[in-house]
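Single-structure report; data block below.
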2 protein chains.
Amino acid sequence: MMPMDDAQIDRPHFIAAPSGGPIFKEVKRRMLAALAAGEWKPGEAIPAEPRLAERFGISIGTLRKAIDELVGENVLVRQQGRGTFVATHSRDRMLFLFFNIIRHDGVKVYPDVALVDFRKTRADDETAERLRLAPRAPVFAYRNALRLDGRLVIVDDITVPAELFAGLGAARLRQRTNTIYHLYQYGFGLSVVRTAETVRAVGAPADVARLLEVPTDSPLLLIRRVAFTLNDRPVEFRRSYVNTAHHEYPREPGY
Amino acid sequence: MMPMDDAQIDRPHFIAAPSGGPIFKEVKRRMLAALAAGEWKPGEAIPAEPRLAERFGISIGTLRKAIDELVGENVLVRQQGRGTFVATHSRDRMLFLFFNIIRHDGVKVYPDVALVDFRKTRADDETAERLRLAPRAPVFAYRNALRLDGRLVIVDDITVPAELFAGLGAARLRQRTNTIYHLYQYGFGLSVVRTAETVRAVGAPADVARLLEVPTDSPLLLIRRVAFTLNDRPVEFRRSYVNTAHHEYPREPGY
DNA sequence: CCCAATTTGTTCGTATGTATA
DNA sequence: TTATACATACGAACAAATTGG
């Protein structure tokens, strides 16, 4: 059935990707490379779809599929009528994506952060492993106390590789006017796009209990978080102690 | 510019959806309605894309966009070369989507479930609110003890509306050969497609502590979960107490 | 084992709708 | 108003996986 008409077959509609699956996946990789190379900077608009399609030698539909995935992974943000932008760590975005504590009534509020300790030290075994560093590699370690609705609820113990954060100090952490990840992004060129967390219940250590004004050994959430950049490099390991008397940790799995 | 040629305008390429936005969203709603009405049953294949496109009077591309969203919401499952299927609650799928406890080494294992209590009772205030029931509505309440690698790690207190689960009893829960949600699906026609959870740290209540063989008041995770069906009806409220000495609760936010 | 039919996955190109500046 | 950008829709062709003869 369906007679073939060779005269109409002037060129192939499909050219197999040279290596590794669909074209849109390859284009996605090339866009990630351009982002990692700093060709498109946080907050800037990337070129319009027709231009990018021409640059990569593909159709707009295929380009959109690549962008769709990058938007789904929080690397890009689309705005109809304006353009497509490289994601930045604004307060709203941080609250939406990376701050995972809500009140019992379901409301999420922005935390007031106070730096209570900062030191240059060496990575303990777990930190070195999570940050993929050599044992006892130099790191900056600092502790924040977070207030929600005026109440001290969270203590964050944060560790970052000294190598990647040359010049970080208590002053810069205190003086920042935006989020911590915004400082990482604009101060050190490290864009956090993904985090992985695990949660346990523990008894409050004495020093944390004192800060949170709860009895030692009272139950707290202990959240361990590793933050990754575009290239999947781990750049921060964070242990968060959370008093869940008035707040909790939400999740919608399977979505 | 661009001379109009009325003879070529035989039909519009785009027909606005009668109510509420894009066509593919409307098609998605109609597919959800067909699923809720039981036209396509769990495990069955839905009609092939060309047939569905014809049925809804749209192009294949638009139909695929509707199916894309339903796949993203775990309602349908696509398999290249075979078809598109209504999701079922197999063990693997349950483990992947709805079981959120892993060992400290990151491995997820299937739990051994033992029913330790079953009763018909009335909803307490919180349960009634979460299940959108009248105060003190009749419910079935049961408790499971879950073993991982031979160790008792989790106690689940589960409540379901009696109205939706006529005939449920300890025997049916014990005799099931598949997951609990599989029983809900095939025994009562209730397909869980989404859950919402919140996590707190609490001291172990005496009865739970006895089951888990830990001291009373030792720190446990308390996970509250509401399970929703296709129509967004809440059908199960579950309180899970988890001993995180050897296991934990994982999450990848912002994904 | 291979072939053909079926089904989803990918790509192309075009036209039109909608939001923004 | 006009131009630009992303969003939606259509239709066609081919690729890849599966199934059954």
Side-chain angles (χ1 to χ4, degrees), chain A residues 1-29 31 40 44-72 76-86, chain B residues 1-6 8-18 20-29 31 40 44-72 76-86:
Chain A
M1 21 215 135
M2 276 292 188
M4 295 267 290
D5 185 345
D6 286 2
Q8 290 189 355
I9 303 177
D10 44 356
R11 61 178 167 60
H13 269 257
F14 179 80
I15 300 170
S19 65
I23 293 176
F24 76 89
K25 290 276 188 190
E26 177 60 27
V27 168
K28 182 184 160 193
R29 278 190 290 271
M31 293 183 70
W40 306 320
E44 290 180 4
I46 68 174
E49 290 173 352
R51 261 163 290 202
L52 279 178
E54 192 191 24
R55 159 169 169 177
F56 292 119
I58 60 174
S59 76
I60 283 195
T62 302
L63 176 81
R64 280 184 67 82
K65 224 169 158 177
I67 295 179
D68 281 346
E69 294 215 347
L70 292 172
V71 169
L76 300 176
V77 178
R78 275 206 268 239
Q79 281 182 261
Q80 186 175 357
R82 296 226 307 142
T84 301
F85 301 83
V86 183
Chain B
M1 22 211 131
M2 274 292 190
M4 296 269 289
D5 183 346
D6 286 1
Q8 289 190 354
I9 304 178
D10 44 356
R11 63 183 164 57
H13 269 257
F14 180 82
I15 300 169
I23 294 176
F24 77 89
K25 290 276 189 191
E26 176 62 25
V27 168
K28 183 184 158 191
R29 279 190 289 271
M31 292 183 70
W40 306 319
E44 289 181 6
I46 68 175
E49 291 171 355
R51 263 164 289 202
L52 280 177
E54 194 192 25
R55 161 169 167 179
F56 292 121
I58 60 174
S59 75
I60 284 195
T62 303
L63 176 80
R64 281 183 66 84
K65 217 165 164 182
I67 295 180
D68 281 346
E69 294 215 346
L70 293 172
V71 169
L76 299 177
V77 178
R78 276 207 266 239
Q79 283 182 260
Q80 185 175 357
R82 297 225 308 141
T84 302
F85 302 82
V86 183

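We name chains A, B, ... by the order of the sequence lines, and we start the count at 1 in each one.
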Legend entry - pair Val77(B)-Val71(B): side-chain heavy atoms closer than 4.5 Å: no

Legend entry - Beyond-backbone contact of Leu76(B) with Phe85(B), side-chain heavy atoms, under 4.5 angstrom: no

Inset, instruction - For Leu63(B) and dT8(D), give me the distance from atom CG to atom C1', rounded to whole Å. - result: 15 Å

Legend entry - Rounded interatomic separation in angstrom, taking CD from Glu26(A) and P from dA15(D): 19 Å

Inset, instruction - Quick one: which residue pairs count as a salt bridge (Lys or Arg N to Asp or Glu O under 4.0 Å) with a foot in residues 50-61 of chain B, not counting sequence neighbours? - result: Glu39(B)-Arg55(B)

Inset, instruction - Find the distance Phe56(A):CZ to dG13(C):C1' and express it as a whole number of Å. - result: 19 Å

Contacts under 3.5 Å, N or O only, protein and nucleotides 6-9 of chain C:
residue, atom, partner, partner atom, Å
dT7(C), OP1, Arg51(B), NH2, 2.8
dT7(C), OP2, Arg51(B), NH2, 2.9
dT7(C), O2, Gly81(B), N, 3.3
dT8(C), OP2, Glu49(B), N, 3.0
dG9(C), OP2, Arg64(B), NH1, 3.2
dG9(C), OP2, Arg64(B), NH2, 3.1
dG9(C), OP2, Arg78(B), NE, 2.8

Inset, instruction - In whole angstrom, give the distance that lies between atom CG of Leu52(A) and atom P of dT4(D). - result: 17 Å

Legend entry - Spacing of Ile23(B) atom CD1 and Leu63(B) atom CG [to the nearest 0.5 Å]: 12.0 Å

Inset, instruction - Determine: side-chain N/O of Ser59(B) to OP1/OP2 of dA9(D), distance under 4.0 Å, yes or no. - result: no

Legend entry - Partners meeting salt bridge (Lys or Arg N to Asp or Glu O under 4.0 Å) with Lys65(A) (sequence neighbours left out): none

Inset, instruction - Measure from NZ on Lys28(B) to C1' on dT8(D) and round the result to the nearest Å. - result: 15 Å

Legend entry - Value in whole Å for how far the C1' atom of dA19(C) lies from CZ of Phe85(A): 12 Å

Legend entry - For atom NZ of Lys25(B) and atom C1' of dA9(D), their distance in whole Å: 15 Å

Inset, instruction - Measure the distance from CD on Glu69(B) to P on dA7(D) and round it to the nearest whole Å. - result: 13 Å

Inset, instruction - Kindly give the heavy-atom pair with the smallest separation between Ala66(A) and Val27(A), and that separation in Å. - result: CB-CG1, 3.9 Å

